[in-house]
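What follows is one structure encoded as structure tokens, with my remarks underneath.
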2 protein chains.
Amino acid sequence: MTTLSANEIVGRLKLHGLRVTPQRFAVYENLLNRIDHPTVEQLLVELNQAGPVSSQATIYNSLQALREVGLVRQVLLEEGVVRYDANVDPHHHFRCHSCGHIEDIPWEAFHEVVQSSLRPGLRPDRYEVTVMGTCDRCQPPEPQDAV
Amino acid sequence: MTTLSANEIVGRLKLHGLRVTPQRFAVYENLLNRIDHPTVEQLLVELNQAGPVSSQATIYNSLQALREVGLVRQVLLEEGVVRYDANVDPHHHFRCHSCGHIEDIPWEAFHEVVQSSLRPGLRPDRYEVTVMGTCDRCQPPEPQDAV
DNA sequence: TTGTATTTTAGAACTATTCTGACTTAAGAG
DNA sequence: CTCTTAAGTCAGAATAGTTCTAAAATACAA
Ligand SMILES: [Mn+2]
Ligand SMILES: [Mn+2]
Ligand SMILES: [Zn+2]
Ligand SMILES: [Zn+2]
């Protein structure tokens, strides 16, 4: 989450062979500066809030280009909702089904569990845990109890 | 995976307050008898293979009804692909990114890992592990080795 | 059997995403 | 710089998965 400078963002794009257009820059910069895993619609609204920056088609194009070089990934947690994430380091996700809040779960949280637990024959090379539950702000009306 | 008799299937539907129509029965029965997590399209083709059984709209309707009473669940593993599963017991999924084969991973495989590994404040009530890798039939071109 | 709320269905509508093709631009070469 | 052109942008059309509509059919309780 360390905020990247404009130069660093440009550097990353060029490093991956992407031309630096204002639209592409804006999409990536915006995605880097938020932790909420936005949808295309949300990106579109926020980017064009203070005057037009990017068309819808270009946001789709930019996300696709960024995805192809591995700077951005999709996150699929809900049916019919595609979210985008500029955190491409392996990690997991938590989703509050009360308020919809989504947050990252560090990769280390489920350390090494998977590799050892699969049946022989399956060669895992990636895995991801999705946890659904209730976040801090949405605790259900329970009186008092601990884990 | 124990094959259910027609009577048992009817019983389940009624138990959940669903009327037993030929279409709804066929959708649920088909889903119970396969382990491949089919899409709507695949269900449509297979159900109507030997003469018309159910329209597309009715398959969507049936799946929605079955889902609402908890007899069927969706499985989201790939972008833009919604799959259905009549196994509603908690379990995880493996997906071979070579052939697309999908298989269940028993719930016990990752027993108790999650509950203990989350930050305080989050109350998990469901979680799911998605493992991507290579299945038996798609082992990469390695010379010789055994399991 | 009958009555009625539910279900089925073809086709229309809707929605997220991709495509099209004319125009614009980033950036390397000279 | 200026030129050149492959790459990018964008409005609108097209596509695809899903839901809606409303008329006809039907499950099932009485
Ligand atoms: Mn994330
Ligand atoms: Mn399954
Ligand atoms: Zn919440
Ligand atoms: Zn395979």
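Lettering follows sequence order; numbering is per chain, from 1. On a predicted model such as this, the values are computed, not experimentally measured, just so you know.
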Below 3.5 Å, can you tabulate the donor-acceptor pairs from side chains in residues 10-23 of chain B to any protein atom, sequence neighbours excluded?
unit_1  : atom_1 : unit_2  : atom_2 : d
B/Arg12 : NH1    : B/Tyr28 : OH     : 2.8
B/His16 : ND1    : B/Arg12 : O      : 2.8
B/Thr21 : OG1    : B/Arg24 : N      : 3.1

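The distance between atom CD of A/Glu78 and atom C1' of D/dT18, rounded to the nearest whole Å, is 17 Å. Atom pair B/Glu79:CD and D/dA16:C1' shows a separation of 13 Å (rounding to whole Å applied). We find that CG of B/Leu76 is positioned 15 Å from P of D/dG17, with the value rounded to whole Å. Rounded to a whole Å, the CG atom of B/Leu66 is 11 Å from the P atom of C/dT7. Remark: C1' of C/dT17 and CD of A/Gln64 are 9 Å apart, rounded to the nearest angstrom. One can place CG of B/Leu13 at 17 Å from P of C/dT6, the figure rounded to the nearest angstrom. For the pair A/Phe25 CZ and C/dA26 P, the interatomic distance rounds to 13 Å; values are reported in whole Å. Here the P atom of nucleotide D/dA7 and the CD atom of A/Glu68 are 13 Å apart, to the nearest Å.
The two residues A/Ile59 and A/Ser54 make their nearest non-hydrogen contact at CG1-OG, 3.4 Å.
Taking the six-membered ring for Trp, B/His101 and B/Phe94 have ring centres at least 6.0 Å apart.
Taking the charged nitrogens against the carboxylate oxygens, A/Asp136 and B/Arg119 do have a contact shorter than 4.0 Å, which makes a salt bridge. A salt bridge links B/Arg67 with A/Glu79: the distance from a Lys NZ or Arg NE/NH1/NH2 to an Asp or Glu carboxylate oxygen falls below 4.0 Å. Salt-bridge formation is detected for the pair A/Arg95/A/Glu78: a Lys NZ or Arg NE/NH1/NH2 atom is positioned less than 4.0 Å from an Asp or Glu carboxylate oxygen. No salt bridge links A/Arg34 with A/Glu29; every basic N to acidic carboxylate O contact stays at or beyond 4.0 Å.
Residues A/Glu46 and A/Asn30 bring a donor and an acceptor atom of their side chains to less than 3.5 Å of each other. Between A/His37 and A/Asn87, the side chains place no donor N or O within less than 3.5 Å of an acceptor N or O (distance only, hydrogens not considered).
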Pull out every protein N or O sitting under 3.5 Å from an N or O of nucleotides 26-30 of chain D, one pair per line with the distance.
unit_1 : atom_1 : unit_2  : atom_2 : d
D/dA27 : N3     : B/Arg19 : NH1    : 3.2
D/dC28 : OP1    : B/Val20 : N      : 2.9

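Identified under the ring pair (Phe, Tyr, Trp, His ring centres under 6.0 Å) test for residues 45-91 of chain A, with sequence neighbours left out: A/His91-A/His93.
In this structure A/Glu8 satisfies the side-chain contact (heavy atoms from CB on, under 4.5 Å) test together with A/Leu4, A/Ser5, sequence neighbours excluded.
Rounded to 10°, the helix from C/dT1-D/dA30 to C/dG30-D/dC1 has 40° between the axis fitted to its first five pairs and the one fitted to its last five.
If you check residues 43-61 of chain B against DNA chain C, the residues with a heavy atom closer than 4.0 Å are B/Val53, B/Ser54, B/Ser55, B/Ala57, B/Thr58, B/Asn61, listed by number.
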